[in-house]
**Student:** 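So that we are looking at the same thing, I have put the structure below in structure tokens.
Order of the sequence lines fixes the chain letters, A, B, ..., with proteins taken first and strands second; residue numbering starts at 1 for each chain.
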Amino acid sequence: MAVSTAGEIPVRVADAEQSCGSGRVLAILSEVESMLTRLADSGTCGSIDLRNLLAGPGDRETLRRILAEGEVSAVVRALGETQVHETAVRGVWWVTHCAEDGKTVAEFIEVTHVPEILKTPPDDIADGLEVLFAKRHALDG
Amino acid sequence: MSKDDSIEVSLRKQGISRRAFMKFCAATASLLALPPAMAAVIAETLGRARRPSVIYLSYQECTGCGESLTRSFSPTLENLMFNVMSLDYYETLQAAAGTAAEAARHTAMKENWGKYLLVVDGAIPRGHDGAYCTIAGESAVDILTGAAKGAAAVISVGTCAAFGGIPHASPDPTGAVPVSQVIKDKPVINISGCPPVPEVITGVLAHYLTFGSIPELDHLGRPKVFYGDTIHDRCYRRPYYDAGKFAKTFDDEGARNGWCLFELGCKGPITYNACATVKWNQGTSYPIQSGHGCLGCSEPDFWDKGSFYQALSTGTWSGGTVLGAAVVAGAAIGVGAAVVSRRRQARADRKKQP
């Protein structure tokens, strides 16, 4: 077939809506179920690194569609945005770390009450105290 | 930023919060295929460490490896990686030139003797007593040998430094050799690829900074965490190989359906690298995902092993019919045969070794 323009290149985009993903999606869901059971029974948190697991086209979209959006969303702005969403499966969070240009650098499913990235570390609390002191000092003149 | 500051102190002086540092550590743990819980360990260890001195030497190379390194992660995280190291000598990036540049290298070596990381890209020309590459009157062989004496670890970045690469390809007019043929008294970490995946380069540096040791290496000196699987093992097109569905040309129905590129010359079954998992261009894709077979660029002598578009079943990659028979069987039978072919490839490689 002769192709003279880029638009004639016969590219077919996979339809993620119709896809059930690879077998990896089912394996991840099974692991999430085990972790959620442990969280419910003993309070033990768990985490799954998605980097090497969602390799196939459509895998990520399929997993997101199945877990769906829940009640809580948060954005952390530290070295780029980190998006934190509780999924429709309560206690299961989808955490996406992005760099400042928006590229994803790490992606996790966390099975926990609250993801660690949302908690303020003690060092940062100490910094906060210093900032507050400085602001009050400035107001006091 | 003082050289005596710990990494954590130096980052805090730059206004980077603990939370941001933890995010960096989570990304690093993910890159190194460590359990997510290891991010806290990395933060603890990396935070207390002093910034190590890095001396980066370039010889017979195209600067593609340096281009790759400077595009690792995204701008901010890349800067963070560079901030946890002290890059004391790198001809491509440094402002200094001539005697000032050489003085910087000598100073860094003297001040950090026994502790600095030596990174090398490019092959080393040994023909005519090293006359093909001299810097400030010293041959590449002599500079490398001298710098390696005081290094804590030597890292060969790119296939040229790791295996000789294109400069070593036939007819090899300069007598190009890999770093490991010049430095024989200490382990050399080979990060092969033409160029290597950028995150693999920084991942190895992060591993050294975190654990203070070199990662576990394969029989070719490559870190197993990144070179433990073949492209084929982790390829999303693998189910088509197993089902015997192959593209026959680059524009046929099979190619459009994303079938396996084995018959179009893909070297994925015998190429160990992280392209299929870490991917390229900030995780966008890798050659096979873009419709082209793997060239096998992270394997020794990939340039001299025949056409990139001949199937492995033609036997050109093992230099004989041993691999060819196995991979023909692999294409016919599907799963399992590629493993057999790799074992035979390994045996063939071992036979070749002196």
Side-chain angles (χ1 to χ4, degrees), chain A residues 1-3 8-14 21-24 44-60 76-82 95-112 115-128, chain B residues 8 11-12 15-40 43 47 71-80 199 229 234-239 249 251-253 255-258 274 276-279 281-286 289 291:
Chain A
M1 182 175 63
V3 175
E8 293 173 39
I9 296 173
V11 174
R12 198 190 66 180
V13 179
S22 67
R24 293 184 179 107
T44 306
C45 302
S47 184
I48 299 172
D49 183 353
L50 297 175
R51 176 187 291 274
N52 294 335
L53 297 179
L54 301 178
D59 280 353
R60 173 173 285 93
V76 177
R77 293 180 188 84
L79 288 177
E81 287 193 352
T82 291
V95 180
T96 307
H97 295 300
C98 299
E100 280 193 342
D101 61 1
K103 302 294 183 190
T104 300
V105 293
E107 198 166 24
F108 301 93
I109 284 180
E110 293 193 20
V111 182
T112 180
E116 281 299 315
I117 191 82
L118 294 181
K119 300 176 186 169
T120 309
D123 287 350
D124 289 352
I125 292 173
D127 282 352
Chain B
E8 184 169 18
L11 292 176
R12 291 190 82 76
I16 293 171
S17 68
R18 177 76 181 177
R19 184 186 267 132
F21 181 55
M22 288 301 298
K23 174 176 170 176
F24 169 73
C25 293
T28 302
S30 172
L31 181 62
L32 293 171
L34 295 170
M38 284 298 285
R71 276 148 186 74
S72 57
F73 284 125
S74 295
T76 317
L77 287 174
E78 173 206 309
N79 290 344
L80 192 56
E199 285 82 359
D229 296 319
R234 307 303 292 265
C235 183
Y236 75 97
R237 296 193 191 213
R238 174 64 184 268
T249 67
D251 61 352
D252 69 3
E253 186 66 18
R256 287 196 286 276
N257 285 329
T277 49
V278 180
K279 300 190 177 178
N281 299 319
Q282 284 83 37
T284 303
S285 68
Y286 67 112
Q289 195 170 345

**Student:** Below 4.5 Å from any heavy atom of chain B, which atoms of A/Val95 appear? Answer side chain, backbone, both or neither.
**Tutor:** neither
**Student:** Select, from A/Asp49, A/Asp124, A/Asp127, the one with the greatest count of heavy-atom pairs under 4.5 Å involving chain B.
**Tutor:** A/Asp124
**Student:** Looking at A/Cys98 and B/Lys23, what are the two nearest heavy atoms and their distance?
**Tutor:** O-NZ, 2.7 Å
**Student:** If you look at every heavy atom in B/Arg19 and A/Pro121, which pair is closest and at what distance?
**Tutor:** N-CG, 4.0 Å
**Student:** Check whether any side-chain heavy atom of A/Arg51 lies under 4.5 Å from a side-chain heavy atom of B/Val278, and answer yes or no.
**Tutor:** yes
**Student:** Rounded to the nearest 0.5 Å, how far apart are CG of A/Leu79 and OG of B/Ser17?
**Tutor:** 7.0 Å
**Student:** Rounded to the nearest 0.5 Å, how far does CG of A/Asp123 lie from CZ of B/Phe21?
**Tutor:** 10.5 Å
**Student:** For B/Ser30 versus A/Phe108, what's the shortest heavy-atom pair and its separation?
**Tutor:** CB-CZ, 4.1 Å
**Student:** Checking A/Ile125 against chain B: side chain, backbone, both or neither under 4.5 Å from a heavy atom?
**Tutor:** neither
